**Q** 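Right, I'll just put the structure down here and ask away after.
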Amino acid sequence: MTEEPRKQTPGVYRRRVGDAMVTVINDGFLDISVAILRGTERGDMEGLMREQFRHTEPRLTVNAFVIETGKNTVLVDAGGGSTTVYSMGLLPQNLEAAGFKPTDFDTVLLTHIHPDHSSGLIDTAGKPLFPRAEIIVHEDDFDFWSDPEKRGKSAAAVPYTGSADALLTTYRGRFRPTSGGEVVPGIRQLPLPGHTPGHSGYQLDSAGETLVMWGDTVHVPEIQIPRPQVTSEFDVDEALAHENRRKIFEHVANERLLVTGGHLHLPGFAHLVKAGDGFRLVPETWMVQL
């Protein structure tokens, strides 16, 4: 009798989008409490979790993504690395399992500078994990996290100033702040401020196919997709986060676009359809062939 395995198989999933290959790389998970969410009653949130056969307190999947376009090898977000809680930090071993080395990457696209999306850029020795990559992030996020006065006025930002400083110092001179539009051939930055001042998604267009990567538009899909008004204490501007969540939801639902996000459960690709005052997520089935 074989010994019971102690670890899950590598968190890696590939999907072709046009001529590009997109690989989901799981970095682990984050446990949160519904107490940090607002916009509906606690009982409603707990009921939504039960409907999905989930525990009352959400467990957030934390994912990063690799986009291979033929011209560029791009990492979108990087997970939490070793600088955050124990439940993250799987990026290096899952990148290796997927056949990637840190030196393969010429570009990193950050949706925003929060530790569960950016601290994975730093290795356990505090050095850059991706030694030749240019780091692209919206200029409003770069400016906000670089300015102690601006970020110091936001209770939602204060807990993350240390991790932001570590990132900005470690990769000093390697950032390219942007303001939306095409940032890599075939990939556009979609400004979706609110969660942070420069929070952004990215849209990949290749050979007639489109993928929208909406970053932290959704933290808890079981709750925020049927109830887009639900915000969190992580949001620097909750009203704006709600506004832009509805905006991107309407867009991808109306255009029937493929979506993914840093906190969608594996394999991570889905479509969105309207359902009453909210929406419903339709996850893709696992694809055996690419």
Side-chain angles (χ1 to χ4, degrees), residues 8 10-17 21-32 34 37 45 48-49 51-55 57-67 75-80 87-88 90-91 94 98 109-112 114 116-118 120 190 192 194-195 199-204 209-228 230-232 234-235 241 244-253 255-275 278-287:
Q8 184 57 275
V12 173
Y13 181 77
R14 289 184 170 88
R15 191 196 194 283
R16 192 169 290 282
V17 177
M21 185 66 75
V22 180
T23 306
V24 184
I25 306 290
N26 179 252
D27 187 59
F29 64 88
L30 266 176
D31 288 331
I32 69 166
V34 293
L37 305 176
M45 291 189 279
L48 290 168
M49 295 297 290
E51 284 178 14
Q52 297 289 317
F53 296 91
R54 308 291 190 202
H55 293 294
E57 302 293 14
R59 172 162 286 184
L60 277 56
T61 299
V62 179
N63 296 321
F65 305 88
V66 178
I67 303 175
L75 183 69
V76 182
D77 285 341
S87 56
M88 291 183 282
L90 300 179
L91 180 77
N94 283 336
L109 306 179
L110 290 180
T111 58
H112 61 302
H114 265 172
D116 58 319
H117 294 261
S118 62
L190 308 174
L192 296 167
H195 178 53
H199 174 261
S200 298
Y202 292 93
Q203 179 169 312
L204 168 66
E209 295 185 7
T210 295
L211 171 66
V212 171
M213 314 176 84
W214 62 25
D216 265 7
T217 294
V218 171
H219 288 92
V220 187
E222 297 90 346
I223 295 173
Q224 289 176 294
I225 288 175
R227 306 283 190 272
V230 172
T231 57
S232 84
F234 300 138
D235 297 331
N244 279 311
R245 183 177 302 109
R246 283 199 178 272
K247 175 182 172 183
I248 197 70
F249 278 10
E250 292 281 353
H251 174 61
V252 299
E255 300 298 323
R256 300 177 64 83
L257 297 178
L258 182 69
V259 299
T260 191
H263 301 300
L264 290 189
H265 303 303
L266 291 175
F269 296 95
H271 288 85
L272 209 65
V273 295
K274 292 182 180 179
F279 296 81
R280 179 169 59 87
L281 193 70
V282 183
E284 274 199 336
T285 55
W286 184 281
M287 292 185 181

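On a predicted model such as this, the values are computed, not experimentally measured, just so you know.
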**Q** First locate atom CH2 of Trp214, then atom NE2 of His251, and finally report the distance between them rounded to the nearest 0.5 Å.
**A** 11.5 Å

**Q** Taking the side chain as every heavy atom from C-beta outward, state whether Ile67 and Tyr202 have any atom pair closer than 4.5 Å.
**A** no

**Q** To the nearest 0.5 Å, how far apart are OH in Tyr13 and CZ in Phe65?
**A** 12.5 Å

**Q** Would you please name every residue forming a salt bridge (charged side-chain N to carboxylate O under 4.0 Å, His left out) with Arg16, sequence neighbours left out?
**A** none

**Q** State, yes or no, whether a side-chain contact exists between Val34 and Ile223 at a heavy-atom distance under 4.5 Å.
**A** yes

**Q** Show the numbers, then the answer: is there a side chain to side chain contact (heavy atoms under 4.5 Å, CB included) between Phe29 and Thr61?
**A** CA-CA 5 Å; Phe29 64 88; Thr61 299; 5.9 Å; no

**Q** What's the spacing between Glu222 CD and His55 NE2 if we round to 0.5 Å?
**A** 11.5 Å

**Q** Would you give the length of the straight line joining atom CG of Leu264 to atom CE of Met213, rounded to the nearest 0.5 angstrom?
**A** 10.5 Å

**Q** Applying salt bridge (charged side-chain N to carboxylate O under 4.0 Å, His left out), name anything that partners Glu250, two or more places apart in sequence or on another chain.
**A** Lys274

**Q** Please check if the side chain of Asp235 supplies one atom and the backbone of Gly194 the other of a donor-acceptor pair under 3.5 Å.
**A** no

**Q** If you look at every heavy atom in Asp116 and Met88, which pair is closest and at what distance?
**A** CB-SD, 3.8 Å

**Q** Would Asp216 and His112 count as a side chain to side chain donor-acceptor pair (under 3.5 Å) if you check the C-alpha gap in whole Å, the side-chain angles of each, and the deciding distance to 0.1 Å?
**A** CA-CA 8 Å; Asp216 265 7; His112 61 302; 3.1 Å; yes

**Q** If I compare all heavy atoms of Pro267 with all of Glu284, which pair ends up nearest, and what's the gap?
**A** CG-O, 4.2 Å

**Q** Asp31 versus Ser87: any side-chain heavy-atom pair under 4.5 Å?
**A** no

**Q** Given His117, which partner from the list His195, His263, His219 fulfils the ring-ring contact (aromatic ring centres under 6.0 Å, His included) test?
**A** His263

**Q** Taking the side chain as every heavy atom from C-beta outward, state whether Pro221 and His265 have any atom pair closer than 4.5 Å.
**A** yes

**Q** For the pair Thr260 (side chain) and Gly268 (backbone), establish whether a donor and an acceptor sit closer than 3.5 Å, ignoring hydrogens and angles.
**A** yes

**Q** Between Val17 and Thr210, does a side chain to side chain contact (heavy atoms under 4.5 Å, CB included) hold up when you go through it step by step?
**A** CA-CA 7 Å; Val17 177; Thr210 295; over 6 Å; no

**Q** Please assess His271 against Leu257 for the test side chain to side chain contact (heavy atoms under 4.5 Å, CB included), listing each intermediate value before the final yes or no.
**A** CA-CA 6 Å; His271 288 85; Leu257 297 178; 5.8 Å; no

**Q** Do you know which of Val212, Val218, Ile248, Ile225 makes side-chain contact (heavy atoms from CB on, under 4.5 Å) with Leu272?
**A** Ile225

**Q** Measure the spacing between CZ of Arg54 and CG of Leu48 and express it to the nearest 0.5 Å.
**A** 12.5 Å

**Q** Over all heavy atoms of both residues, which pair between Ala98 and Ile25 is shortest? Give the atoms and the distance, please.
**A** CB-CD1, 3.9 Å

**Q** Determine the interplanar angle of the Phe249 and Phe279 rings, folded into 0 to 90°, and report it as parallel if under 30°, tilted if 30 to 60°, perpendicular if over 60°.
**A** perpendicular

**Q** Looking only at heavy atoms, which two atoms of Asn26 and Val62 are closest? And how far apart?
**A** ND2-O, 3.1 Å

**Q** Are side-chain heavy atoms of Ser232 and Leu37 found at a separation under 4.5 Å?
**A** yes

**Q** If we ignore angles and hydrogens, is there a donor and acceptor under 3.5 Å between the side chains of His199 and Asn244?
**A** no

**Q** Nearest heavy-atom pair of Leu266 and Gly11: which atoms, and what distance?
**A** CD1-CA, 4.4 Å

**Q** For Pro228 versus Gly278, what's the shortest heavy-atom pair and its separation?
**A** CD-CA, 4.0 Å

**Q** Rounded to the nearest 0.5 Å, what separates atom CG in Asp77 from atom OG1 in Thr111?
**A** 3.5 Å

**Q** Between the side chain of Arg14 and the main-chain N/O of Thr23, is any donor-acceptor distance below 3.5 Å?
**A** no

**Q** Using only atom types and a distance under 3.5 Å, with no angle test, would you say the side chain of Asp27 pairs donor to acceptor with the backbone of Leu91?
**A** yes

**Q** Taking salt bridge (charged side-chain N to carboxylate O under 4.0 Å, His left out) as the definition, give me every residue that meets it alongside Glu255, ordered by chain and number, with sequence neighbours left out.
**A** none

**Q** Can you check whether Val230's main-chain N or O pairs, donor with acceptor, with Arg245's side chain at less than 3.5 Å?
**A** yes

